[in-house]
Q: 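Supplied in structure tokens, the structure appears directly below.
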Amino acid sequence: MSEAIAIPALAVAGTDLALETHAVTGTGVTLVLEEPASRWSLRARSADALAAVIGRGVPARIGDTLDGVACLGPDEWLADLPAGTVLPDGAGLPVSVVDVSSRGVVIRLEGAGAVHTLASGCPLDLERFAVGRATRTVFETVEVIVWREAADRFRVFVWRSFAPWLWHALKAVERG
Amino acid sequence: MSGYRLPAGGRIDRAAPLDFTFDGRAHRGFAGDSLASALVASGQMLFGRSFKYHRPRGILGMGTEEPNALVTVDRGGEGPNCGQGWGRRTPNLRAPSVALYQGLAAQSQNRFPSLTFDLGAVNDRLGAFFPAGFYNKTFMWPRSAWEKLYEPAIRRMAGLGESPTTRDPDHYDATYAHCEVLVVGGGLAGIDAALEAAAGGGRVILIDEQDELGGGALADQALWGEVADKTMALRRPRNVTVLTRTTAFGYYHQNFVGAVEQLTDHLAPAQAQGARERLWRIRAGEVVLAQGAIERPLVFDGNDVPGVMLSSAGRVLAVRYGVAVGRAVAVMAVHDSGWRDALALKAAGVGIAAVIDLRTDVAPDLVSAARAAGIAVHLGHAVTGVSGRHGVSGITFAANGTGHAQQLAADALLMAGGWTPTVHLWSHAKGSLRWDDAWGAYLPDKAQENCRAVGAGAGAWDLGAGLALGTLPGPKPIWQTKAFVDFQNDVKARDIDLAVREGMRSIEHIKRYTTNGMATDQGKTSNLNGLQIASGSLSRPVTDIGLTTFRPPYTPQTFGALMGHHKDALFQPIRKTVIDGWADDHSAVFENVAQWRRARYFPQGGEDMHAAVARECLAVRERVGMFDASTLGKIEVVGPDAAEFLNRMYTNPWKALAPGRCRYGLLLREDGFITDDGVSARLAPDRFHLTTTTGGAARVLAMMEDYLQTEWSDLDVWLTSTTEQWAVIAVQGPLAREVIAPLVEGIDLSREAFPHMAIREGTICGVPTRLFRVSFTGELGFEVNVPAQHGRMVWEAIHAAGQAHGIVPYGTETMHVLRAEKGYVIVGQDTDGTLTPDDAGMAWAVGTKKPDFVGKRSLARPDMTAPGRKQLVGLLTVDPQEVLEEGAQIVADPDQPVPMTMLGHVTSSYHSAALGRSIAMAVIADGRARDGQVIHVPMPGRSIRARVVASTVFYDQEGSRLDV
């Protein structure tokens, strides 16, 4: 009853998963690993207070995006800007400007099956997710930020160490 | 062997024969058959052996309510992963729910050596010794026999199917879905609800567990046309999704429904492509439950003989599958539906021996229709016995069950005991129920969610009238009958009566004592009969006794489906640092820390861990080593109130910390116990770079956010996780400065300009760096923080620059030894959530002048300063080469009787190459007062002696090696 069972090894183990730059998922959607950019986590009590510090327009409503700045929460914004952009650090002022350019990567999903592919692991109602909206959410157990650029184009922000798993989980989604 | 295939009829495709095996014997069925219908058509009436008594059993129901015919299906190990150790054996599948395919190989269960001759049937002969709850009163003496005899024997006998012993080669899909209306159940009521909802324009999802829509209508030929038309109508609108072979297994909060769609199990393995099952996680605006109703068996002596089944099962077999259950079929009814079934079977060509109804006043049109069809009718009678063991050979019946016994030759007996609306999902969602006398069952009453029930599942379907009974009346007293209530768990009517006699009053107790309703069918055919019998035994109305709770899953689901994509390589994310690839290329042996994989040591040549660690440790102390510390949690704390916030969170004072300096911080919970620690740096008056333990990063951030958002929302300070923003390379050893100096720009690394516990910003290898001078080894040390995208490049540059100095990469094992030599604690290893700062010897870290900090009040509790508390101390084994085992218990006297008084345990233990002997840390009651005492560590077969040292610093007690 308690004799050992010989379980065969996996051809591909979890530790073998590696990030790629391009792929096509089981749903025919294209995955693209975006080039590094300049990303900032920005905090302030109001959009105006933040805008005054960084000298750019800042959306006021949670979920809105404006020129590369997304409002993720009542006092939280994410700036996704061209590589090399530097923001003022707001020293001494009631704001927080933190460079997180190296913290994560962005996986872009393009194609008619983009909604279906993301819906595999994201509990939001993605069919009703407006173009130009961004929010923090999850894909299964991995925290991500989803940013919808077009009907069939989503950008998914994920921390560096979770990216290989997410990439391959997206690839594994099958057609409905 | 009574069943046979009718010459015509059914929805099967007679032009598409399928070959399959059952217990190794070849059979033939048709496309559209289930395993059950094909076997009955083949004359097979014996499907399995019951759980406890190993009684021969056949089909009871032709739906998911089937309790007896549990089979194992082996789909083989073919596919991309084939060979030894791969396989697809699934036990405990209900035969009516197994779709037939070419080459299907099924086995019966719970019998040895064979289905027809089962040695386990001895349990049935000894049945008097195995009533309900027998195990509460047996297997107690002698006590020594439990481990060697009783438990192994029970393990072998218990359970039904066998667990798989092979790896599953299949993969599974999963998705979320949203809709305005979800309809569960694709019978006519559900189809109508879906069509109506579709007209409203919102997204509609309709799911049904069978392979085609229609539900009960599939067994009523008059309704086939309507089913076909409406199924076509559902395909037209673009806002309707129809999922067949899909079971809604659970209904959760806020209209969240879990369902599993079977994708390939109905196909031969060679035809199966893609995922095997798909998990649906559906959030619905409104849920419409159309789960229908399940027929009740009747409870009487002999009701479990193979060939005795639900009347609806006989009808489904005849009308849907073109299979007759016998040539002389008797029907025992207490409900009108039994009569309609008899007429339908007769019309399909099945010979009906008689209809027996306990009622004397049955609707005249039913009686006359039966007589006109040539069916013998016996009103006011009840079946009192069934002849046959592997099949029905005849039945005994009597007026009102107690009159003169009459015999009737029959080869099958159908039971029409009334109908129970299926309220499982309604109940998952905490909808209330109300008793209905006409149905003799509970019906949905008030919903808690946005949910409504329709059709038979709501009691809104005309199935006719009937009685609600416990047992059929009979000549014998209940305790002498073998009348089954729960077929899967082998619970008899007399067991329920026994439970009542032994003092059980509530159905919750009766259920657990007898196990009625606790099998994998969750009482679908036994709950209400059990309630009626209990009501009779207690002489109380059914509504007084209660109803047990329904829990997901509605039917058993596979682990694969519930795991979805989380299988094999995708089982869970394994977090790796940017330097991990270099470690992998250099033969590192890894270990898991939280979700990360970290290099544990770097063996060279044929080194084992002990040798590698000894070499790495000596290299760090004598020259220099490098270590990937990127997994450490990092939080950027920014804002004018940053210092005030940290002052409130940590035990240490922070306000006076100058920019450019670092401090070791100790974090307590409200209850005063250590929860995390880390060295943190002040970069500017309003900016701190905090570090946490690897495993505590998320937890500490959440704890800090909790305070900021709920307690101190007036503070102008914000927290940003930067754990993955920075790669961290620790360079530790007397030559550390020499190694990094050529690479660093813009920072004066000299001892005077860059003291211990300081931070400087500059560049290294051309990229920005936050350079910490900190040490977790007790040697001169730096932690090079660079943006993660440059981590690998900088690591390789430091490794190259270090070659001239004999630099050695080291892993977590060496890191553990080096810090232990210096007595540095690891939160979560040396602490376990019950140590105060003073317990851990870190009272120095508590700012005595601080007005408040998290945990301060708790530290003042008398219990927190009382004598006898466990304190962290060092242990030096009397035999210096003996290494204690971490977790080992500590006692003062190894010869005391068991159970011994345990003083504490070993928290960290290593062999120290630098000291040439073992070292250990332990938490011991009044540890510091035991300085110099010898304590004992009992191990299997021996006891190890060790001396307590109050200080945990074993190496370089003065700390002079840091001051360089």
Side-chain angles (χ1 to χ4, degrees), chain A residues 1 5-18 26 36 41-45 75-76 89-104 116 118-128 140-142 159-166 168-169 172-176, chain B residues 80-81 83-86 152 155-156 165-167 171 173-178 203 274-275 278 281 283 564-566 568-578 584 590 595-597 636-641 684-687 716-727 787-790:
Chain A
M1 263 304 160
I5 298 166
I7 305 284
L10 294 170
V12 178
T15 46
D16 299 328
L17 296 180
S41 177
L42 306 167
R43 314 291 292 277
R45 288 194 185 272
D75 64 351
E76 183 186 2
D89 70 359
L93 296 168
V95 296
S96 167
V97 176
V98 178
D99 185 348
V100 293
S101 304
S102 231
R103 185 172 74 173
H116 170 81
L118 252 190
S120 165
C122 177
L124 296 177
D125 191 349
L126 292 169
E127 285 174 325
R128 302 268 189 267
E140 298 296 0
T141 58
V142 173
W159 285 4
R160 199 172 272 280
S161 67
F162 292 102
W165 184 91
L166 180 62
H168 289 273
V173 179
E174 296 191 353
R175 271 177 227 278
Chain B
N81 306 303
Q84 272 280 75
W86 296 92
R155 277 191 186 281
R156 267 194 300 275
T165 54
T166 50
R167 187 159 215 152
H171 63 279
D173 197 27
T175 190
Y176 286 89
H178 294 255
R203 295 165 296 184
R278 175 176 294 123
R281 293 165 287 193
R283 183 79 65 182
H565 294 129
H566 298 271
D568 298 337
L570 289 176
F571 177 66
Q572 64 177 36
I574 295 174
R575 303 175 72 179
K576 298 193 276 189
T577 70
V578 294
D584 206 13
F590 293 94
Q595 284 178 294
W596 296 90
R597 98 164 173 173
E636 193 108 333
V637 182
V638 180
D641 291 325
D686 63 349
R687 187 177 293 257
D716 282 333
V717 57
W718 290 271
L719 312 172
T720 303
S721 170
T722 49
T723 300
E724 302 226 44
Q725 167 68 15
W726 300 98
Q789 66 198 79
H790 305 301

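Numbers restart at 1 for each chain; the letters A, B, ... are given by sequence-line order, proteins then strands. Since this is a predicted model, take the numbers as computed values, not measurements.
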Q: So, do B/Trp718 and A/Glu76 sit near enough that their side-chain heavy atoms are less than 4.5 Å apart?
A: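 B/Trp718 vs A/Glu76: side chains apart.
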Q: Tell me, do A/Ser102 and B/His790 make a side-chain contact under 4.5 Å, heavy atoms counted?
A: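 The answer is no; the side chains never approach within 4.5 Å.
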Q: Quick one, A/Asp75 and A/Arg45 - any side-chain contact, counting heavy atoms below 4.5 Å?
A: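 In short, these two side chains do not touch, never coming nearer than 4.5 Å.
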Q: When only pairs under 4.5 Å are counted, which of A/Pro36, A/Ser101, A/Ala18 shares the most heavy-atom pairs with chain B?
A: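 Of the options given, most contacts go to A/Ser101.
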Q: Indicate yes or no: at least one non-hydrogen side-chain atom of B/Pro787 is less than 4.5 angstrom from one of B/Trp726.
A: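 Side chain of B/Pro787 against side chain of B/Trp726, heavy atoms only: contact under 4.5 Å found.
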Q: With heavy-atom distances below 4.5 Å as the criterion, would you say the side chains of B/Leu570 and A/Trp165 are in contact?
A: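 Yes - at least one pair of side-chain heavy atoms lies under 4.5 Å apart.
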Q: Under 4.5 Å heavy-atom distance to chain B, tell me which part of A/Val100 shows up: side chain, backbone, both or neither.
A: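 Both parts, backbone and side chain.
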Q: Less than 4.5 Å to any heavy atom of chain A: does that hold for the side chain of B/Ala275, its backbone, both, or neither?
A: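 Interface part for B/Ala275: both.
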Q: At a 4.5 Å cut-off on heavy atoms, which part of A/Leu118 comes close to chain B: side chain, backbone, both, or neither?
A: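 Interface part for A/Leu118: neither.
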Q: Please classify the contact between B/Trp596 and chain A as side chain, backbone, both or neither, with a heavy-atom cut-off of under 4.5 Å.
A: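 Just the side chain, heavy atoms under 4.5 Å.
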Q: Looking at A/Leu124, A/Val142, A/Thr141, which has the largest count of heavy-atom pairs under 4.5 Å with chain B?
A: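 Of the options given, most contacts go to A/Leu124.
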Q: What part of B/Thr577 is in contact with chain A, defined as an atom under 4.5 angstrom from a non-hydrogen atom: side chain, backbone, both or neither?
A: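 The answer is neither part of B/Thr577.
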Q: Among A/Val95, A/Ile7, A/Leu93, which has the most heavy-atom pairs under 4.5 Å with chain B?
A: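 Heavy-atom pair counts peak at A/Val95.
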Q: Looking only at heavy atoms and a cut-off of under 4.5 Å, which of B/Arg278, B/Arg167, B/Arg597, B/Gln572 has the most pairs with chain A?
A: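 Greatest number of close heavy-atom pairs with chain A: B/Arg167.
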Q: With chain B as the partner, which of A/Leu126, A/Leu166, A/Val97, A/Asp16 has the greatest number of non-hydrogen pairs under 4.5 Å?
A: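 So the answer, after comparing A/Leu126, A/Leu166, A/Val97, A/Asp16, is A/Val97.
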Q: Which one, A/Asp99, A/Val173, A/Val98, A/Val12, leads in non-hydrogen pairs under 4.5 Å with chain B?
A: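 Winner by heavy-atom pair count: A/Val98.
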Q: Given a strict heavy-atom distance threshold of 4.5 Å, which part of A/Arg175 is in contact with chain B: side chain, backbone, both, or neither?
A: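 A/Arg175 touches chain B through backbone heavy atoms alone.
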Q: Under a 4.0 Å threshold between the charged nitrogen and the carboxylate oxygen, would B/Arg281 count as salt-bridged to A/Glu140?
A: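 Salt bridge present between A/Glu140 and B/Arg281.
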Q: Could you tell me which portion of A/Ala163 (side chain, backbone, both or neither) has an atom closer than 4.5 angstrom to a non-hydrogen atom of chain B?
A: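 When you check distances to chain B, no heavy atom of A/Ala163 falls under 4.5 Å.
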Q: Begin with the C-alpha distance, continue with both residues' side-chain angles, and end with the deciding distance and a verdict on side-chain contact (heavy atoms from CB on, under 4.5 Å) for B/Gln789 and B/Val578.
A: CA-CA 7 Å; B/Gln789 66 198 79; B/Val578 294; over 6 Å; no
Q: May I ask you to check whether B/Thr720 and B/Glu636 show a side-chain donor-acceptor distance below 3.5 Å?
A: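 Checked: B/Thr720/B/Glu636 side chains show no N/O donor-acceptor pair below 3.5 Å.
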Q: Find out whether B/Asp568 and B/His171 are in side-chain contact, i.e. whether some heavy atom of one side chain is under 4.5 Å from a heavy atom of the other.
A: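 A side-chain contact is absent here, since even the closest heavy-atom pair is not under 4.5 Å.
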Q: Between chain B and each of A/Gly92, A/Pro123, A/Gly90, A/Ala169, count heavy-atom pairs under 4.5 Å; write down the option with the most.
A: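 Max contact count across the listed options: A/Pro123.
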Q: Which region of A/Ala172, side chain (C-beta onward) or backbone (N, CA, C, O), has a non-hydrogen atom less than 4.5 Å from a non-hydrogen atom of chain B, or is it both or neither?
A: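 Both parts, heavy atoms under 4.5 Å.
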Q: Side chain to side chain donor-acceptor pair (under 3.5 Å) for A/Ser96 and A/Arg43? Distances and angles first, verdict last.
A: CA-CA 5 Å; A/Ser96 167; A/Arg43 314 291 292 277; over 6 Å; no
